[in-house]
Protein chains: 2
Amino acid sequence: MKKLDLTDNRNMSMLMDFYELTMSNAYLLDGVGEKIAYFDMFFRKVPEQGGYAIMAGLEQVIEYIEGLRFDEEDIEYLKGLDIFNDKFLNYLSNFRFTGSIYAVPEGTLIFPNEPIITVKAPVIEAQLLETMILLTVNHQSLIATKTSRICRSADGRSVLEFGARRAQGYDAAIHGARAAYVGGADGTATTIVGEALGIPVSGTMAHSWIQFYEDEYKAFKKYAEYYPDNCTLLVDTYSVLKSGIPNAIRVAKEVLEPMGKRLKGVRLDSGDMAYLSIKARKMLDEAGLIDCKIVASNSLDEYTITSLFNQGAKIDVFGVGERLITSKSAPVFGGVYKLVAVEEDGDIIPRIKISENVEKVSNPGYKKVYRFYDKESNKFLADVITMADEVINVEEDYVIFDPVFTWKKKTLKNFYVKELQEPIFIDGKLVYDIPSLDEIKAHAKEQLANTWDEIKRFENPHTYYVDLSKKLWDVKNELIEKLKENK
Amino acid sequence: MKKLDLTDNRNMSMLMDFYELTMSNAYLLDGVGEKIAYFDMFFRKVPEQGGYAIMAGLEQVIEYIEGLRFDEEDIEYLKGLDIFNDKFLNYLSNFRFTGSIYAVPEGTLIFPNEPIITVKAPVIEAQLLETMILLTVNHQSLIATKTSRICRSADGRSVLEFGARRAQGYDAAIHGARAAYVGGADGTATTIVGEALGIPVSGTMAHSWIQFYEDEYKAFKKYAEYYPDNCTLLVDTYSVLKSGIPNAIRVAKEVLEPMGKRLKGVRLDSGDMAYLSIKARKMLDEAGLIDCKIVASNSLDEYTITSLFNQGAKIDVFGVGERLITSKSAPVFGGVYKLVAVEEDGDIIPRIKISENVEKVSNPGYKKVYRFYDKESNKFLADVITMADEVINVEEDYVIFDPVFTWKKKTLKNFYVKELQEPIFIDGKLVYDIPSLDEIKAHAKEQLANTWDEIKRFENPHTYYVDLSKKLWDVKNELIEKLKENK
């Protein structure tokens with residue numbers, strides 16, 4: 001497989017916000033660089049008022065951390081800025097990550113405010129990971145989540161990722177296609193992704209093929225002769241109904257059928273997709289081409305696909321481009337990375353980030369997340385964030401309460417729990433068995449199947465419960481009170 | 001400088017839509033693969049109803065084409081798909097680009113429908129470049145254009161790119177920062193961009209620094225002691241006005257001034273930026289810190305910055321993150337790559353792509369673009385797309401007319417012209433002297449200075465004239481008529 005990793009071929013170690021280096025330099029000089037700090041990555045809102053997000057990008061985070069080194073060039077560059085102490089530059093040149101990382105596996109459904117990645121490490125090490133963890137997981141979770149929405153709107157029909165030309169850079173095309181596959185896409189048009197990641201690739205012809213031969217029928221005929229087993233014809237270069245579909249039918253009859261082959265599909269790439277697909281379906285069916293698929297590929301996303309079905313469109317395959325690969329209607333996944341605790345003399349002291357907005361106050365401390373499952377249906381009931389030393393007793397009922405509106409309570413019964421985070425690195429050593437991309441995709445599918453429809457719908461989804469344990473809630477409130485007193 | 005190129009370290013040759021390969025295989029088998037084809041890259045609309053866009057990404061396109069090779073792994077992968085003829089695979093393994101490319105230099109203002117890149121090459125070669133040309137130029141032009149808008153709203157104040165953590169992948173962070181610099185940003189927070197591209201980097205502290213020390217004053221004091229010459233303090237961890245600004249002032253007085261140093265700045269990263277900046281400015285001024293800059297960095301773009309100034313905000317530096325690096329309010333630059341001509345027996349035969357929408361019909365033929373400048377003011381008057389063999393006589397008045405509403409005419413007088421496209425590759429050889437990033441940035445600045453304010457404003461900008469020569473217009477209409485007759 002083609003190497004696209006972040007280790008030897010392309011070292012991204014310096015892809016960090018400069019403040020991570022200025023802070024780290026000062027931590028080192030201050031003699032506190034080895035103090036153990038805890039950072040959480042979490043997000044506050046699902047994009048597009050959605051009910052769920054899908055975790056993605058962990059494999060690339062692991063690659064990055066495994067490859068994290070500062071080479072001579074890096075050190076020379078930093079030295080030249082005349083800001084950093086030689087002691088720190090020396091520290092960097094011997095840098096290896098020695099901390100521990102716990103993370104939610106890729107493909108898992110994730111919800112606001114729960115720690116999806118927790119880093120426990122000497123403060124400098126934990127700080128230096130910030131940008132790449134956020135960048136990687138924000139990007140891929142965004143695209144996986146968007147694709148999941150698009151696939152849900154396609155209601156079982158095939159969705160193919162077609163967006164490379166409109167992606168925001170090369171990684172956006174490649175890792176975007178990866179995330180799209182996790183989120184439910186069946187394949188991609190981007191060749192390198194097939195080669196590097198094993199995702200199925202597909203593609204037939206551009207308008208240029210038709211224009212090159214000028215005569216549409218001739219262009220279709222040529223294509224059918226060279227690809228009789230895999231012939232999908234682009235029918236909108238001149239006029240879909242007057243020229244494209246009639247020529248496609250003629251090729252099916254005159255070129256393919258005599259060879260014992262069938263026309264696999266026609267592709268619509270412009271115009272009124274609802275009207276054209278209905279008319280095209282009728283023409284194809286009347287010609288006996290009932291097995292010929294209609295592929296649509298113009299300005300599609302979950303909104304247009306839903307609208308197309310509402311109009312009775314007859315589309316079998318959706319090729320989705322720019323609106324998927326950029327998550328156009330909401331192109332940012334707002335994950336943040338916050339300090340939540342510092343070890344002092346062996347004790348883990350929680351830290352908090354206050355805000356005027358009570359919902360934006362971070363959850364302090366070293367924590368865990370438990371997902372509660374209904375014993376009978378295996379559906380998710382709620383997630384509960386606890387302090388790391390808490391254990392849920394599944395033999396007893398468990399009362400959850402809203403962390404903001406605490407009078408809102410609910411008793412969970414007849415459940416089992418799973419911890420959401422898994423150990424990834426322990427003391428610098430990778431302990432995680434990285435799943436294959438197909439395993440991740442299957443995991444996402446299973447997770448979605450275990451989620452109530454009310455959470456998954458587009459319009460006003462039910463807010464999934466992510467509550468705090470009583471102990472965590474108390475810790476948080478004590479810290480808030482303490483800070484208020486100091487003002 | 002750090003190697004981030006697209007040649008040896010990271011070969012992106014297979015980053016192409018699969019249909020480019022299926023078409024190319026069939027062209028080769030059909031014996032037409034060596035026929036010379038002409039493709040144009042152009043775009044139809046400026047994002048966000050803007051009046052202009054800025055060309056960016058050409059340097060990376062050049063790197064890509066220079067490095068374009070298919071290695072053994074690539075060939076093996078393609079062979080394994082059982083779709084391609086051995087003759088084609090053999091062709092690919094010996095592939096070198098042998099064609100010619102003409103392009104608008106980076107930093108140039110570009111407008112809808114004019115060819116910004118023209119490729120003349122054997123049809124297979126031209127076709128295989130499609131995805132990477134579009135991906136690269138769409139992405140960087142998007143970000144350069146967005147940044148130009150943001151910088152215009154900042155009205156001469158400094159704009160820094162802070163978006164890596166929300167970028168859509170690593171290249172989006174790196175090349176996005178590059179494009180932002182072209183578009184007017186003064187620097188970036190992303191360290192690798194400084195190292196690899198020489199763009200100024202900056203950054204001071206995150207909230208984690210304050211939280212780590214718990215006591216905000218202590219955290220500020222430590223920072224001031226380690227960075228007395230470059231001390232910008234993040235003042236919103238607890239409360240900007242009750243704690244952040246008072247502590248910053250105390251550090252300025254108690255730590256920095258005794259060392260003969262000044263507090264360089266304070267940074268606001270949340271809350272009501274208009275209110276807080278006005279109050280903070282007053283407090284700083286009253287403490288004699290009139291030279292202390294106020295940096296703002298929360299959810300900024302041209303809209304919020306304009307609104308902040310309308311509210312009287314006192315901000316000196318804008319750190320712009322996710323809304324710049326993803327061009328959040330319009331995250332796609334819709335450049336397309338269309339076949340416009342094919343050589344037949346030495347003649348260049350124009351090709352057209354028809355559409356139901358008259359404005360979407362492509363401009364056929366091998367063409368040039370001339371920019372008309374006013375002799376006195378050096379301001380741009382109009383761009384005119386001509387056939388490649390046309391020469392503008394600057395001694396005579398020139399009548400331009402709207403290509404859709406042809407009765408709209410205007411006579412240009414007292415002008416000089418420049419060709420927009422420059423030769424980049426001729427017969428496979430790079431003939432272009434790639435400018436430095438600072439030269440590109442300066443070029444963009446000069447281009448903007450030569451553009452009327454009416455084109456640059458955000459609200460209903462005047463549409464810049466991009467008209468067709470009479471000859472091109474005739475060629476186009478003949479082709480349209482001919483296609484209509486064939487229906």
Side-chain angles (χ1 to χ4, degrees), chain A residues 2 9-10 12 14-19 21-23 26 29-30 73 77 123 127 131 134-135 138-139 164-173 175 189 191-192 195 201-209 211-212 222-223 226 238 242 271 322 326 328 331-332 339 342 351 353-354 356 483 487, chain B residues 2 9-10 12 14-19 21-23 26 29-30 73 77 123 127 131 134-135 138-139 164-173 175 189 191-192 195 201-209 211-212 222-223 226 238 242 271 322 326 328 331-332 339 342 351 353-354 356 483 487:
Chain A
K2 201 161 186 85
N9 279 359
R10 183 172 60 136
M12 289 282 108
M14 292 282 276
L15 209 181
M16 49 177 60
D17 281 274
F18 195 65
Y19 71 17
L21 292 164
T22 52
M23 285 189 281
L29 298 180
D30 199 32
E73 266 180 331
Y77 167 70
V123 63
Q127 189 65 69
T131 304
L134 290 176
L135 167 48
N138 276 335
H139 170 232
R165 64 191 55 200
R166 302 285 166 80
Q168 295 191 353
Y170 316 124
D171 294 308
H175 292 145
T191 314
I192 199 170
E195 182 181 5
V201 293
S202 62
T204 57
M205 65 177 65
H207 294 114
S208 57
W209 174 268
Q211 289 175 270
F212 182 81
K222 291 267 183 200
Y223 200 86
Y226 292 117
Y238 302 116
K242 287 186 200 152
E322 64 188 41
T326 66
K328 192 178 176 204
V332 171
L339 182 78
V342 178
R351 291 280 199 271
K353 161 86 178 72
I354 289 293
E356 306 291 319
L483 282 168
K487 295 282 150 60
Chain B
K2 201 161 185 82
N9 279 358
R10 184 171 59 134
M12 289 282 109
M14 292 282 275
L15 209 179
M16 50 177 59
D17 281 275
F18 195 65
Y19 71 17
L21 293 164
T22 52
M23 286 188 282
L29 297 181
D30 199 33
E73 266 179 331
Y77 167 70
V123 63
Q127 188 65 70
T131 305
L134 289 176
L135 167 48
N138 276 334
H139 170 232
R165 64 192 54 202
R166 302 285 167 81
Q168 295 191 352
Y170 316 124
D171 294 308
H175 292 145
T191 313
I192 199 170
E195 182 180 4
V201 293
S202 63
T204 57
M205 64 178 65
H207 294 113
S208 57
W209 175 267
Q211 289 174 271
F212 181 81
K222 291 268 183 199
Y223 199 87
Y226 293 117
Y238 303 117
K242 288 187 198 152
E322 63 188 42
T326 67
K328 192 178 176 206
V332 170
L339 181 78
V342 178
R351 290 282 198 271
K353 161 87 180 71
I354 288 295
E356 307 292 318
L483 282 168
K487 295 283 150 59

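What you see is a predicted model, and the numbers here were worked out from it, not measured in a lab. Lettering follows sequence order; numbering is per chain, from 1.
Of the atoms belonging to A:Ala167, heavy atoms from both backbone and side chain fall under 4.5 Å from chain B. A:Tyr19 touches chain B through backbone and side chain together, each having a heavy atom under 4.5 Å away. Both the backbone and the side chain of A:Lys353 come within contact range of chain B, each with at least one heavy atom under 4.5 Å from a heavy atom of that chain. Only the side chain of B:Ala173 comes within contact range of chain A, judged by heavy atoms closer than 4.5 Å. Contacts between B:Thr204 and chain A at a heavy-atom distance below 4.5 Å involve the backbone alone (N, CA, C, O). Of the atoms belonging to A:Asn138, it is side-chain heavy atoms, and not backbone ones, that fall under 4.5 Å from chain B. With a threshold of 4.5 angstrom between heavy atoms, B:Tyr77 approaches chain A through side-chain atoms but not through N, CA, C or O. The contact between A:Tyr226 and chain B is made entirely by side chain atoms (from C-beta outward), counting heavy-atom distances below 4.5 Å.
With values rounded to the nearest 0.5 angstrom, B:Met12 atom CE is found 7.5 Å from B:Asp171 atom CG. To the nearest 0.5 angstrom, B:Glu195 atom CD is 4.0 Å from A:Met14 atom CE.
Checked against side chain to side chain contact (heavy atoms under 4.5 Å, CB included), B:Ser202 has the following partners two or more places apart in sequence or in another chain: B:Leu160. Checked against salt bridge (charged side-chain N to carboxylate O under 4.0 Å, His left out), A:Lys328 has the following partners two or more places apart in sequence or in another chain: A:Glu322.
The two residues A:Ala172 and B:Gln168 have their closest heavy-atom pair at CB-O, 3.1 Å. Closest approach of B:Asp17 and A:Ala164 over heavy atoms only: OD2-CB, 4.5 Å. For the pair B:Lys222 and B:Trp209, the tightest heavy-atom approach, listed with the atom from each and the gap, is CB-CZ2, 3.9 Å.
Counting heavy-atom pairs under 4.5 Å between each of B:Leu134, B:Leu21, B:Leu15, B:Val342 and chain A puts B:Leu15 at the top. Ranked by non-hydrogen atom pairs under 4.5 Å with chain B, the options A:Arg165, A:His207, A:Arg166 are led by A:Arg165. Looking only at heavy-atom pairs under 4.5 Å with chain A, the residue among B:Val201, B:Leu339, B:Thr131, B:Val123 that has the most is B:Leu339.
Contact check for A:Phe212 versus B:Met23: no side-chain heavy atoms found under the 4.5 Å cut-off.
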